[in-house]
Participant: 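Okay, handing you the structure first.
Every number for a ligand or one of its atoms is a count from 1 in the order of the listing. What's counted below: heavy atoms across the whole structure, side chains too, no hydrogens, waters or symmetry copies. Everything quoted here is computed from the prediction, not taken from an experiment.
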Amino acid sequence: MNLSQKKILLGLTGGIAAYKVADLCRQLVKAGADVRVVMTSGAKAFISPLTLQALSGNAVHDDLLDPNAEAAMGHIELAKWPDLIVIAPASADFIARAMAGMADDLLATLYLATAKPIALVPAMNQQMWANTATQDNISLAKKRGLQIWGPASGEQACGDVGLGRMIEPFEIAQKVDEFFNHKPLKGQHWVLTAGPTVEKIDPVRYLTNRSSGKMGYAIAQAAANLGAKVILISGPVSLACPLNVERVSVESAEQMLAAVKEAVANADIFLACAAVSDYRAKQSSDRKMKKQDDNGLQLELVQNPDILKWAANEADCYCVGFAAETDNLEEYAKAKMQRKGIEMICANDVSRSDIGFGSDYNELAVFYQNAGQLKQKALGPSLKLELAHELVIFIHSIIKS
Ligand code: C5P
């Protein structure tokens, strides 16, 4: 394990597993990491800050309102400092406060003030873990892109047996190592489209669709996490740009095509996740169109360019398409694959309200060419972020084979 030059902020919250984090801190420092420790008042009831100060070689941060600590390294500076934040043990209370956006102690404030990757390592009584409140908070944390490491199952300090134990320090250290050093997509260049397109009719009206961009953004994040260089060409959505991803914002299909043409020059993979508007107004007006006296209006539409088809024919990269269907999923997806000349298509059923457009969940039927045969692989149902990770790993395995 080599963590040299890696800056890790280790946050401890109140739980009996806090004593094990002394060993974790030692392992991270031994692997070369620069570790700074933040403790909540609950954590200090279980383990002394002096122990973690001695093991990390740095003063422990524990107070939001301490002028001396703020003078040494203010909380905003501390929030910007790490490459990774690991919160272990993460108590049910801390997870709830973080998900509610509270800033009532130093660690919760750092959670709010940071843009850095965060891993939560939950540790709590099995009933507290199983509680719907905690489970809802964990789902929200995953949706916000936090990594959740564990918990493990087994005997608990309180005598209960079940899911809720903190995973062991060596497992946490392994996951930290994996986070920094397991980059199977390193050297690969991915280009993605995501979100809807917006086709102008006049300065206040446009044609668009219900795509939220969540699936494309999740895939961009997953590919970047695994080490790829990622360019995300996005229609208008209300999502933050994923970490370590370059976003190019566009509105119309024609703008999206122009951005794709520029971006795919050196790409290995082009993944078209955007819901591109099939049509645009033949003529858009620079002035607001006025209501006519008769109550009808003819709007002439022309077809937009097919971006994926262009890439499949002209670009020198592996092209993956998406097919959102309400019926005949398999038949339409396969026909689309042929029509566009692509080797892989991910089909999802948008007639279902529990997955697809706008939802945080999705399920995909992936059709792909492999060794001259058309094959199928089912992924999900799962959170779009988890599904995205599985899909990226799957695409990688296919292009390598
Ligand atoms: O033809 P259809 O819209 O059903 O195909 C869906 C797939 O093609 C998606 O991957 C979508 O991003 C892509 N597409 C495109 N340009 C279009 C229409 C669709 O890239 N004009």
Participant: Could you tell me whether the side chain of Val29 reaches within less than 4.5 Å of the side chain of Leu55, counting heavy atoms only?
Facilitator: no

Participant: Could you list each N/O atom of ligand 1 together with any protein N/O atom closer than 3.5 Å, one pair per line with the distance?
Facilitator:
unit_1, atom_1, unit_2, atom_2, d
ligand 1, 1 (O), Lys340, NZ, 2.9
ligand 1, 4 (O), Lys336, NZ, 2.5
ligand 1, 5 (O), Lys340, NZ, 3.0
ligand 1, 8 (O), Lys340, NZ, 3.0
ligand 1, 10 (O), Ala272, O, 2.6
ligand 1, 10 (O), Phe322, N, 2.8
ligand 1, 10 (O), Phe322, O, 3.3
ligand 1, 12 (O), Ala272, O, 3.3
ligand 1, 12 (O), Ala274, O, 2.6
ligand 1, 16 (N), Ile307, N, 3.0
ligand 1, 20 (O), Leu308, N, 2.9
ligand 1, 21 (N), Pro305, O, 2.8

Participant: Less than 4.5 Å apart, any side-chain heavy atom of Thr197 and any of Ser252?
Facilitator: no

Participant: The test is side chain to side chain contact (heavy atoms under 4.5 Å, CB included); show your working for Ile395 and Val366 and say whether it passes.
Facilitator: CA-CA 10 Å; Ile395 296 172; Val366 183; over 6 Å; no

Participant: Can you list the steps and then say if Tyr206 with Glu251 is a side chain to side chain contact (heavy atoms under 4.5 Å, CB included)?
Facilitator: CA-CA 10 Å; Tyr206 52 78; Glu251 294 212 328; over 6 Å; no

Participant: Please tabulate, for the side chains in residues 257-277, all donor-acceptor contacts under 3.5 angstrom to protein atoms that are two or more places apart in sequence or on a different chain.
Facilitator:
unit_1, atom_1, unit_2, atom_2, d
Asp268, OD2, His189, N, 2.7
Ser277, OG, Tyr279, O, 2.9

Participant: Please test Arg339 against Asp306 for salt bridge (Lys or Arg N to Asp or Glu O under 4.0 Å), starting from the C-alpha separation and ending with a verdict.
Facilitator: CA-CA 11 Å; Arg339 200 170 62 242; Asp306 191 315; over 6 Å; no

